[in-house]
Trainee: 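Structure below; questions to follow.
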Amino acid sequence: ERGNEAYARRLAAEVAAARNDLSTAATCYREALALGEELAMRPFQAHCHWGLARLLRRAGRGAAVDSHLATARALFRTMEMSYWEERLAEECAEAR
């Protein structure tokens, strides 16, 4: 059930982000990421880093954005998740 808790926290982060509650969203993403790391949920971790990057970009925190994007990209590449790696690259190109 802890894996479900991690997914629920990530969903809560996405809902909070959609409501522009950036502080709550960041907290929920970090909690989800911590659980994902504890449970070795690597694809989940990559998606949490990507979500945090999107959120921090909206908050204007550029250095942290780059760090989370690099981590997500590295995880996707290591796991050979080319579909998600390509989507991440497309989003990065659009954001510039």
Side-chain angles (χ1 to χ4, degrees):
E1 292 301 317
R2 299 201 65 224
N4 288 332
E5 180 182 353
Y7 280 105
R9 289 181 189 272
R10 182 171 155 224
L11 180 58
E14 292 173 6
V15 169
R19 292 182 175 175
N20 287 320
D21 185 352
L22 303 184
S23 176
T24 299
T27 298
C28 290
Y29 269 125
R30 286 187 177 97
E31 291 171 350
L33 182 57
L35 278 170
E37 288 171 348
E38 183 180 331
L39 299 172
M41 299 167 64
R42 290 176 55 216
F44 179 82
Q45 291 171 39
H47 284 283
C48 285
H49 280 290
W50 192 359
L52 270 167
R54 286 178 179 145
L55 185 69
L56 294 173
R57 181 181 297 130
R58 287 173 52 192
R61 297 181 57 200
V65 170
D66 293 340
S67 173
H68 285 290
L69 286 175
T71 301
R73 187 175 299 122
L75 285 167
F76 287 140
R77 186 176 307 122
T78 302
M79 294 179 287
E80 299 180 8
M81 295 178 69
S82 58
Y83 174 83
W84 290 109
E85 188 177 358
E86 290 171 14
R87 297 296 81 69
L88 177 66
E90 288 172 6
E91 185 176 306
C92 289
E94 290 173 7
R96 292 182 184 190

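Source: prediction; values computed, not measured. Values below: every heavy atom of this structure, side chains too, minus hydrogens, waters and symmetry copies. FYI, the numbering just counts along the sequence from 1.
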Trainee: Looking at Ala6 and Phe44, what are the two nearest heavy atoms and their distance?
Mentor: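 Looking at all heavy atoms of both residues, the shortest contact is O-CZ, 3.3 Å.
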Trainee: From Arg30 CZ over to Cys28 SG, what is the distance, rounded to the nearest 0.5 angstrom?
Mentor: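 Here the rounded value is 11.0 Å.
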Trainee: What heavy-atom pair brings Ala64 and Leu56 nearest, and what distance separates the two atoms?
Mentor: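 Heavy atoms only, the tightest pair is CB-CD1, 3.6 Å.
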Trainee: Heavy atoms, side chains only, cut-off 4.5 Å: are Arg58 and Asn20 in contact?
Mentor: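 Arg58 vs Asn20: side chains touch.
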Trainee: Could you tell me the separation between the CG atom of Leu39 and the CZ atom of Arg2, rounded to the nearest 0.5 Å?
Mentor: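 Result: 5.5 Å between the selected atoms.
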Trainee: Apply side chain to side chain donor-acceptor pair (under 3.5 Å) to Ser67 and list each qualifying residue two or more places apart in sequence or on a separate chain.
Mentor: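 Partners of Ser67 under the side chain to side chain donor-acceptor pair (under 3.5 Å) test: none.
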Trainee: Are Trp50 and Arg87 packed together at the side-chain level, in the sense that at least one heavy-atom pair is separated by less than 4.5 angstrom?
Mentor: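 Trp50 reaches Arg87 side chain to side chain.
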Trainee: If hydrophobic clusters are built from ILVMFWY residues whose side chains come within less than 4.5 Å, do Met41 and Leu75 share one?
Mentor: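 Not linked; separate clusters.
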Trainee: Tell me who clusters with Leu35, hydrophobic residues only, linked when side chains sit under 4.5 Å apart either directly or through other members.
Mentor: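 Reading the cluster by chain and number, Leu35 sits alone, since nothing else belongs.
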Trainee: Check whether more than 12 heavy atoms from other residues, nucleotides or ligands sit under 6.0 Å from atom CD of Glu90, and answer yes or no.
Mentor: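 Yes, enclosed.
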Trainee: According to side chain to side chain donor-acceptor pair (under 3.5 Å), who are the partners of Gln45, at least two apart in sequence or on a separate chain?
Mentor: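 Gln45 satisfies side chain to side chain donor-acceptor pair (under 3.5 Å) with no other residue.
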Trainee: Locate the shortest heavy-atom distance separating Leu52 from His68; write the atom from each residue and the value.
Mentor: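 Closest heavy-atom pair between Leu52 and His68: CD1-CE1, 3.6 Å.
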Trainee: Taking all non-hydrogen atoms of both residues, which atom of Arg57 and which atom of Val65 are closest, and how far apart?
Mentor: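 Closest pair (atom of Arg57, atom of Val65, distance): N-CG2, 3.2 Å.
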Trainee: Between Ala17 and Ala25, which heavy-atom pair has the shortest distance, and what is it?
Mentor: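 That would be N-CB, 3.6 Å.
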Trainee: Show the nearest heavy-atom pair for residues Leu55 and Ala26, with the distance to one decimal.
Mentor: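 In terms of heavy atoms, the two residues are closest at CD2-N, 3.3 Å.
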Trainee: In the single-linkage hydrophobic clustering (I, L, V, M, F, W, Y; side-chain heavy atoms under 4.5 Å), do Leu69 and Trp84 co-cluster?
Mentor: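 Per the 4.5 Å side-chain linkage, Leu69 and Trp84 are co-clustered.
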Trainee: May I ask you to test the Thr24-Arg19 pair for a side-chain heavy-atom distance under 4.5 Å?
Mentor: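 Not touching, per the 4.5 Å side-chain cut-off.
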Trainee: What about the rings of Tyr29 and His47, do their centers lie closer together than 6.0 Å?
Mentor: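 Here the rings of His47 and Tyr29 have centres that are no less than 6.0 Å from each other.
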Trainee: Looking at Arg9 and Glu5, is any side-chain nitrogen of the basic one under 4.0 Å from a carboxylate oxygen of the acidic one?
Mentor: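 Looking at Arg9 together with Glu5, the answer is yes, because their closest N to O distance falls below 4.0 Å.
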